[in-house]
J.: 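Shown below is the structure under consideration.
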Amino acid sequence: MSLTFHWFLPTNGDSRHVVGGGHGTPATASGRDRPPTVAYLSQIARAAENLGFTGALTPTGAWCEDAWLTTAMVSQNTERLKFLVAFRPGFVSPTLAAQMASTFQRQSGGRLLLNVVTGGESHEQRAYGDFLDKDDRYRRTGEFLSVVRQLWQGKTVHLEGEHLRVEDARLTRVPDPVPEVYFGGSSPIAGRVAAKHVDVYLTWGEPPAAVAEKIARIRRLAAEEGRTLRFGIRLHVITRDTSEQAWAEANRLLAGFDQETIRSVQAGLARSESEGQRRMLALHGGGNRDGLEIHPNLWAGIGLVRGGAGTALVGSHDEVAERVKEYHALGIDEFVLSGHPHLGEAYWFGEGVLPRLQAEGLWTHPYQAPAAERPQSPVPFAATGSR
């Protein structure tokens, strides 16, 4: 099975510096360097498409542009790239969400993937009118996905659940293909929802031993439901021709983190109810600049100023390829990557790491036919003897 790589659309803005934000914290000032216009995001999307990334994740939250609307517009400027749209089940009815997904599939040519984000910050959820506590939000997510899945199968759905109620719900047109559902969450209740409802379980970039433990736990839960899942990992990446160049770039980014920004972001993230965010904070000790390489080529510096995924693969192209292989050996088949700036870093990874993985038979370009299937080049005009 070929590895799958997705890139990221920075709808909170982009920069040559790290753009912070997420999990209840606002985007940092660096996000104004390259505003998230449709034109710029389309540049990134087209680059990712040409390089061989299968899809692009678009985040959700008050700190960024709306994912549904943005990807709908950007999709019109691409041809094959899929869009991993993050959305929160508590903000829209399951019937409407199923209908929106069906419409997106038809209008984009089947290029929608869904990243279900339950929401780990009660104060941010309340700003949107959602006053459930964390465990209830996950139970609602389970009900939500149950309804959506049945609607996509063409069923008429009646549900009087603990949190959701629908009556005679049905879609006029079901999506084809049915979008795959991606989902992340480190708490026990998140694992149960994943095991029962999703296609791909995502983890943030923890050290391999922690990732292995998480995969084993989710596999056991899925087996109890009679299901099997695929696994993916969300990471940033800094890859260069040499290890020295890559670490010099990481240190340049680190030098741009002023202490007041770190303090403010860490104080905001400390309020998080997310188990995954708590695990991210533990990797750098809540703001410590020292000891940030927590596993060979795995750097926790991004998490000093950014919520959510806070680790990066840093190293030469060969070293980063080795780390990808290390995670793959644990069961990770999909990689959701990003870097600052996103346009340039997509090329560093796409031109530096992907060819190495391709040479080892671990990755194939999703949009290019194998060499044996490509049409032969025509005979040059001059070779015919004509002038």
Side-chain angles (χ1 to χ4, degrees), residues 1-8 18 47-48 51-57 184 200-216 218-219 230-254 279-280 282-284 290-303 309-342 344-366 368:
M1 179 179 178
S2 176
L3 294 176
T4 299
F5 293 92
H6 306 276
W7 199 240
F8 185 85
V18 175
L51 289 164
F53 291 93
T54 294
L57 170 65
V200 182
Y201 177 84
L202 291 175
T203 178
W204 286 330
E206 299 180 32
V211 171
E213 182 278 330
K214 191 178 289 186
I215 289 174
I218 300 300
R219 274 184 175 153
R230 301 200 312 278
F231 294 90
I233 192 166
R234 172 77 179 95
L235 288 156
H236 305 274
V237 64
I238 303 171
T239 180
R240 296 292 185 271
D241 295 334
T242 69
S243 183
E244 292 77 14
Q245 291 170 342
W247 284 108
E249 177 64 10
N251 289 328
R252 183 191 70 80
L253 293 175
L254 183 62
R279 292 166 72 118
M280 282 286 105
L283 295 179
H284 57 68
D290 300 320
L292 291 173
E293 188 178 6
I294 56 177
H295 181 79
N297 307 109
L298 184 63
W299 186 60
I302 302 293
T311 53
L313 297 179
V314 180
S316 68
H317 304 314
D318 286 328
E319 289 171 334
V320 171
E322 287 300 314
R323 295 289 77 75
V324 168
K325 289 158 61 178
E326 183 176 12
Y327 281 114
H328 177 48
L330 302 177
I332 297 293
D333 293 320
E334 304 205 18
F335 293 77
V336 184
L337 306 174
S338 57
H340 295 85
H342 289 73
E345 209 62 54
Y347 279 101
W348 278 113
F349 187 88
E351 295 176 342
V353 178
L354 289 182
R356 285 161 166 78
L357 298 172
Q358 186 172 33
E360 297 189 43
L362 294 173
W363 175 78
T364 57
H365 197 299
Q368 291 180 355

J.: Run the side chain to side chain donor-acceptor pair (under 3.5 Å) test against His6 and tell me which residues pass, sequence neighbours left out.
T.: Glu334

J.: Might you point out which heavy atoms bring Leu362 and Lys325 nearest each other, and give the distance in Å?
T.: CD1-CG, 3.5 Å

J.: Does the side chain of Arg279 reach to within under 4.5 Å of the side chain of Trp204, using non-hydrogen atoms?
T.: no

J.: Sequence neighbours left out, what passes side chain to side chain contact (heavy atoms under 4.5 Å, CB included) with Ala300? Give chain and number order.
T.: Leu283, His284, Leu292, Ile294, Thr311

J.: Measuring only between side-chain heavy atoms, which start at C-beta, is Lys214 closer than 4.5 Å to Phe231?
T.: no

J.: Using the ring of each side chain (for Trp, its six-membered ring), is His342 parallel, tilted or perpendicular to His340, with breaks at 30° and 60°?
T.: perpendicular

J.: Is a side-chain donor or acceptor of Ser2 paired with a backbone partner of Thr364 at a separation under 3.5 angstrom?
T.: yes

J.: Using the test side chain to side chain donor-acceptor pair (under 3.5 Å), find all partners of Ser243 that sit at least two apart in sequence or belong to another chain.
T.: Glu319

J.: Apply side chain to side chain contact (heavy atoms under 4.5 Å, CB included) to Trp299 and Ile238, showing your working.
T.: CA-CA 10 Å; Trp299 186 60; Ile238 303 171; 4.2 Å; yes

J.: I want to check something: taking the side chain as every heavy atom from C-beta on, are Ile332 and Ile215 in contact at a cut-off of under 4.5 Å?
T.: yes

J.: Could you tell me which residues satisfy ring-ring contact (aromatic ring centres under 6.0 Å, His included) with Phe53, sequence neighbours excluded, listed by chain and number?
T.: Trp7

J.: Keeping to residues at least two apart or across chains, list the salt bridge (Lys or Arg N to Asp or Glu O under 4.0 Å) pairs with something in residues 239-248.
T.: Arg240-Glu345

J.: In chain order, what residues pass the side chain to side chain donor-acceptor pair (under 3.5 Å) check against Ser338, with sequence neighbours excluded?
T.: Arg234, His236

J.: Glu293: which residues meet the salt bridge (charged side-chain N to carboxylate O under 4.0 Å, His left out) condition with it, sequence neighbours left out?
T.: none

J.: Can you list the residues that meet the ring-ring contact (aromatic ring centres under 6.0 Å, His included) rule with Phe335, with sequence neighbours excluded?
T.: Phe5

J.: Search all heavy atoms of Thr242 against all heavy atoms of Ser316 and return the closest pair with its distance.
T.: C-CB, 3.8 Å

J.: Work out which heavy atom in Gly315 is nearest to a heavy atom in Ala246; give both atom names and the distance.
T.: O-CB, 3.3 Å

J.: Going by the rule side chain to side chain contact (heavy atoms under 4.5 Å, CB included), which residues pair with Arg323 if we only count those two or more places apart in sequence or in a different chain?
T.: His295, Pro296, Asn297, Leu313, Glu326

J.: With sequence neighbours left out, write down each residue that passes side chain to side chain contact (heavy atoms under 4.5 Å, CB included) with Ala56, or none if nothing qualifies.
T.: Leu9, Leu81

J.: Holding to side chain to side chain contact (heavy atoms under 4.5 Å, CB included), I want the full list of residues that pass it with Ala47, two or more places apart in sequence or in another chain.
T.: Leu343, Tyr347

J.: Donor-acceptor pairs under 3.5 Å, side chain of residues 348-356 to any protein atom, not counting sequence neighbours: which ones?
T.:
residue, atom, partner, partner atom, Å
Arg356, NE, Asp318, OD1, 2.6
Arg356, NH1, Gly352, O, 2.6

J.: Could you pull out the closest heavy-atom pair between Leu3 and His328, with the gap in Å?
T.: CD2-ND1, 3.2 Å

